[in-house]
Q: 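Handing you a structure now.
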Amino acid sequence: MNRITVPMDEPKPSYLTRSQLLKRRFQNLKRLSKCYRDLYWHLMEDVKTLYRHYLYHYALNPFSHFHLPTCAFLGCNLNPMPFTSFCHFHILSDSNQNLYKPCNYLIKGAEAEPITCGKPILRSIVPALCTVHSHKAQKHLARTLKRNSSNIGPKFHALVSEYVKHIQARRRKDQRENKSKTVFKDKMMAG
C-alpha cells in the first residue's frame, strides 16, 4: 500500500481578544437560551396533552349522572370550588378561608350604614374592588382628572420644581460640609 503523506503546517496558536471572547460567549448564550426556550414550549405542549388525557380518563364526566356536590350555602345549587364546600359567590361564608375578601365599592349611602358591593375578590387585590367596580373607579378618576386638568397642571409643575430646588439645596449643603471636613482633616494631618 502506498500512502501519500502531505506535509501539514503546524497550527499556529490563536488568541482571542477580550471583546472577541465576550462576543463569542454572548452568541453561545443566545443559542443556548433559544434551545431552552424551545424546550420549555415543547414541554408545555406535552403537559397540555397529558393534562387533557388525564381529564378525559380520570376526571368526572360532566355528562354522567353521578351525584356532584353542591354549594353548602342554603338554596345554592352551584358546584363548590375545589377543596371547599362553597361556590365562588358564597366563598365568604366559609370561616376557614383566608384567600378572599369582599369588594369595598360603596353602592348606596344609607342612613344607618353604607351598602358595599360585597362580591368576593382576592385579598391581594389593591384597591379592594371587583373588576366591574375597578373599571368604574378608573373611568371616574379619568373623567375627574380631565375635568380638572387645568387646575392640577400648574400646581403639580410648581410642586416638582420646588422639590428639585430642595434636593439641589440639600446637595450643595452636603458638598460644603464634606469640603469643610476634608479641609479640617488636612489641617490636622499637617499640624
Side-chain angles (χ1 to χ4, degrees), residues 11 14-149 152 156 160:
S14 62
Y15 299 102
L16 296 174
T17 63
R18 180 172 174 79
S19 63
Q20 290 171 334
L21 178 68
L22 291 174
K23 186 176 180 180
R24 182 188 290 175
R25 285 183 179 173
F26 182 68
Q27 289 171 347
N28 289 340
L29 176 69
K30 285 191 336 188
R31 282 196 305 246
L32 184 63
S33 65
K34 183 185 180 315
C35 290
Y36 280 134
R37 201 175 10 235
D38 292 343
L39 180 65
Y40 171 79
W41 288 112
H42 180 72
L43 288 173
M44 289 302 293
E45 289 299 319
D46 287 348
V47 166
K48 284 180 186 176
T49 305
L50 291 172
Y51 183 68
R52 236 181 274 122
H53 177 75
Y54 169 79
L55 286 178
Y56 181 75
H57 288 288
Y58 300 108
L60 291 175
N61 186 350
F63 301 109
S64 66
H65 298 288
F66 292 112
H67 181 275
L68 295 175
T70 58
C71 178
F73 194 80
L74 188 64
C76 181
N77 294 326
L78 296 174
N79 293 339
M81 294 173 56
F83 306 111
T84 67
S85 14
F86 293 93
C87 66
H88 179 72
F89 298 110
H90 300 115
I91 193 65
L92 296 176
S93 301
D94 188 0
S95 60
N96 296 329
Q97 70 87 20
N98 295 321
L99 193 59
Y100 294 96
K101 64 181 177 182
C103 173
N104 291 334
Y105 188 80
L106 292 174
I107 295 176
K108 292 182 179 178
E111 293 175 9
E113 64 181 60
I115 300 171
T116 59
C117 170
K119 286 182 184 175
I121 58 169
L122 291 173
R123 276 196 191 278
S124 60
I125 294 177
V126 175
L129 300 173
C130 61
T131 55
V132 173
H133 293 126
S134 177
H135 292 303
K136 277 187 180 180
Q138 287 175 356
K139 286 180 183 178
H140 180 69
L141 180 65
R143 191 171 47 240
T144 305
L145 287 175
K146 190 174 183 180
R147 217 180 292 142
N148 298 328
S149 63
I152 292 175
F156 181 71
V160 169

Q: Does CG in Leu74 sit with more than 12 non-hydrogen atoms of other residues, nucleotides or ligands closer than 6.0 Å?
A: no
Q: In chain order, what residues pass the side-chain contact (heavy atoms from CB on, under 4.5 Å) check against Leu29, with sequence neighbours excluded?
A: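 Leu29: no side-chain contact (heavy atoms from CB on, under 4.5 Å) contacts found.
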Q: Return each pair, listed once, that meets salt bridge (charged side-chain N to carboxylate O under 4.0 Å, His left out) where at least one residue sits in residues 32-45; pairs must be two or more places apart or across chains.
A: Lys34-Asp38, Glu45-Lys48
Q: Applying ring pair (Phe, Tyr, Trp, His ring centres under 6.0 Å), name anything that partners Phe86, two or more places apart in sequence or on another chain.
A: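 In terms of ring pair (Phe, Tyr, Trp, His ring centres under 6.0 Å), with neighbours along the sequence ignored, Phe86 is linked to no residue.
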Q: Measure the CG-SG distance between Asp94 and Cys87 for me, rounded to the nearest 0.5 Å.
A: 11.5 Å
Q: Measure the CG-CE distance between Leu99 and Met81 for me, rounded to the nearest 0.5 Å.
A: 7.0 Å
Q: Hey, could you give me the CG/CG distance between Leu129 and Asn104, rounded to the nearest 0.5 Å?
A: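 Result: 7.0 Å between the selected atoms.
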Q: When you look at Leu16 and Arg24, which way does the side-chain contact (heavy atoms from CB on, under 4.5 Å) test go after all the steps?
A: CA-CA 10 Å; Leu16 296 174; Arg24 182 188 290 175; 3.4 Å; yes
Q: Does the side chain of Arg31 pick up a donor-acceptor pair with the side chain of Asn28 at under 3.5 Å?
A: yes
Q: Is there a side-chain contact between Gln97 and Leu92, using heavy atoms and a 4.5 Å cut-off?
A: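 They are in contact (side-chain heavy atoms under 4.5 Å apart), so the answer is yes.
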Q: Going from SG on Cys76 to NE2 on His90, what distance comes out if it is rounded to the nearest 0.5 angstrom?
A: 5.0 Å
Q: So how far is it from Lys30 NZ to Leu32 CG, rounded to the nearest 0.5 Å?
A: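 With rounding to 0.5 Å, NZ (Lys30) is 13.0 Å from CG (Leu32).
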Q: What pairs with His53 under ring pair (Phe, Tyr, Trp, His ring centres under 6.0 Å), at least two apart in sequence or on another chain?
A: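 Scan of His53 (ring pair (Phe, Tyr, Trp, His ring centres under 6.0 Å), adjacent residues dropped) gives His57.
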Q: Please report the shortest heavy-atom distance between Pro80 and Cys71, naming the atom on each side.
A: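 Closest approach of Pro80 to Cys71: CD-N, 4.1 Å.
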Q: Quick one: ring-ring contact (aromatic ring centres under 6.0 Å, His included) pairs with a partner in residues 119-144, sequence neighbours left out?
A: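 Sorted pair list: Tyr105-His133.
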Q: List in chain and number order the residues that pass side-chain contact (heavy atoms from CB on, under 4.5 Å) with Lys101, two or more places apart in sequence or in another chain; answer none if no residue qualifies.
A: Ile121, Arg123, Ala128
Q: Can you measure from CD1 (Ile125) to OH (Tyr100) and round to the nearest 0.5 angstrom?
A: 9.5 Å
